[in-house]
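Report on one structure; see the data block that follows.
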Amino acid sequence: MEEISLANLDTNKLEAIAQEIYIDLIEDSCLGFCFEVHRAVKCGYFYLEFAETGSVKDFGIQPVEDKGACRLPLCSLPGESGNGPDQQLQRSPPEFQ
Amino acid sequence: MNKDAQMRAAINQKLIETGERERLKELLRAKLIECGWKDQLKAHCKEVIKEKGLEHVTVDDLVAEITPKGRVYLGVGQFTQIMNCKYTFSGIFTYFFVEACRLFTKLFY
């Protein structure tokens with residue numbers, strides 16, 4: 001392939017070439033962004049990116065319900081029977097009784 | 001193929017061979033993120049996904065809705081107006097052009 005030289009190109013032509021490359025790369029970036037978003041949607045982490053600006057309800061996702069106090073044995077209230085090995089550990093500290 | 005077209009093809013080929021095209025692409029992407037273009041598109045994406053539904057949105061939907069917006073935000077398709085584009089991203093092409101010229105000088109002079 002013969003060597004190319006840009007010496008004969010004026011600014012307008014150079015600008016036109018740069019613009020073609022620019023448009024090409026913009027299209028690439030747009031497509032890449034679309035694939036990124038689609039992947040985030042299908043993998044389920046898209047709404048995380050928008051948590052600060054909105055709510056998951058915006059996308060029809062129900063927020064996790066508050067199910068009240070934990071019912072695990074180690075979290076039992078004092079006086080209630082628990083299943084843990086050490087009953088003493090299940091009691092709240094004195095200041096909370 | 002006329003001389004101009006040959007020149008274009010040769011430049012593109014050289015950019016790809018040397019890996020400079022990829023480098024320009026990364027440079028441009030970083031600039032687009034920095035100036036908020038990606039955030040603008042994210043906001044628009046949110047609208048599209050709300051409209052189509054999280055479960056039903058396809059790549060085609062996103063490409064059809066997002067790509068034209070991405071171009072409009074940058075004034076692409078209105079070359080004579082890029083430099084004076086009313087959008088905040090008008091300086092992007094200027095930056096790109098300067099980088100491209102530096103690159104051309106490095107590769108071809």
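Residue numbers start from 1 in every chain, and the chains themselves are labelled A, B, ... in the order their sequence lines are given, proteins ahead of strands.
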[X] side, atom [atom1]; [Y] side, atom [atom2] - distance, nearest 0.5 Å:
{"X": "I21(A)", "Y": "R21(B)", "atom1": "CD1", "atom2": "CZ", "value": "8.0 Å"}
{"X": "Y22(A)", "Y": "E99(B)", "atom1": "OH", "atom2": "CD", "value": "13.5 Å"}
{"X": "D24(A)", "Y": "N12(B)", "atom1": "CG", "atom2": "CG", "value": "7.0 Å"}
{"X": "F46(A)", "Y": "K46(B)", "atom1": "CZ", "atom2": "NZ", "value": "8.5 Å"}
{"X": "D60(B)", "Y": "H38(A)", "atom1": "CG", "atom2": "NE2", "value": "8.5 Å"}
{"X": "K42(A)", "Y": "T58(B)", "atom1": "NZ", "atom2": "OG1", "value": "8.0 Å"}

Below 4.5 Å, heavy atoms only, C-beta onward: do V37(A) and L41(B) meet side chain to side chain?
no

Do [X] and [Y] belong together in a cluster built from hydrophobic side chains that touch within less than 4.5 Å?
{"X": "F35(A)", "Y": "L62(B)", "answer": "no"}
{"X": "L28(B)", "Y": "L31(A)", "answer": "no"}
{"X": "V48(B)", "Y": "L54(B)", "answer": "yes"}

Please look at [X] and chain A and tell me whether the side chain, the backbone, both or neither of the residue comes under 4.5 angstrom of a heavy atom of that chain.
{"X": "D61(B)", "value": "neither"}
{"X": "E55(B)", "value": "backbone"}
{"X": "L103(B)", "value": "neither"}

Around atom CZ of R8(B), are there more than 12 heavy atoms of other residues, nucleotides or ligands at under 6.0 Å?
yes

Just wondering, are more than 12 heavy atoms of other shown residues or ligands nearer than 6.0 Å to CZ in R23(B)?
yes

Do side-chain atoms of K25(B) reach the backbone of I26(A) as a donor and acceptor pair under 3.5 angstrom?
no

Minimum heavy-atom separation for [X] to [Y], with atom names?
{"X": "I66(B)", "Y": "C34(A)", "answer": "CB-SG, 3.7 Å"}
{"X": "C30(A)", "Y": "G70(B)", "answer": "SG-CA, 4.0 Å"}
{"X": "E27(A)", "Y": "T67(B)", "answer": "OE1-CG2, 3.8 Å"}
{"X": "W37(B)", "Y": "S29(A)", "answer": "CH2-CB, 4.2 Å"}

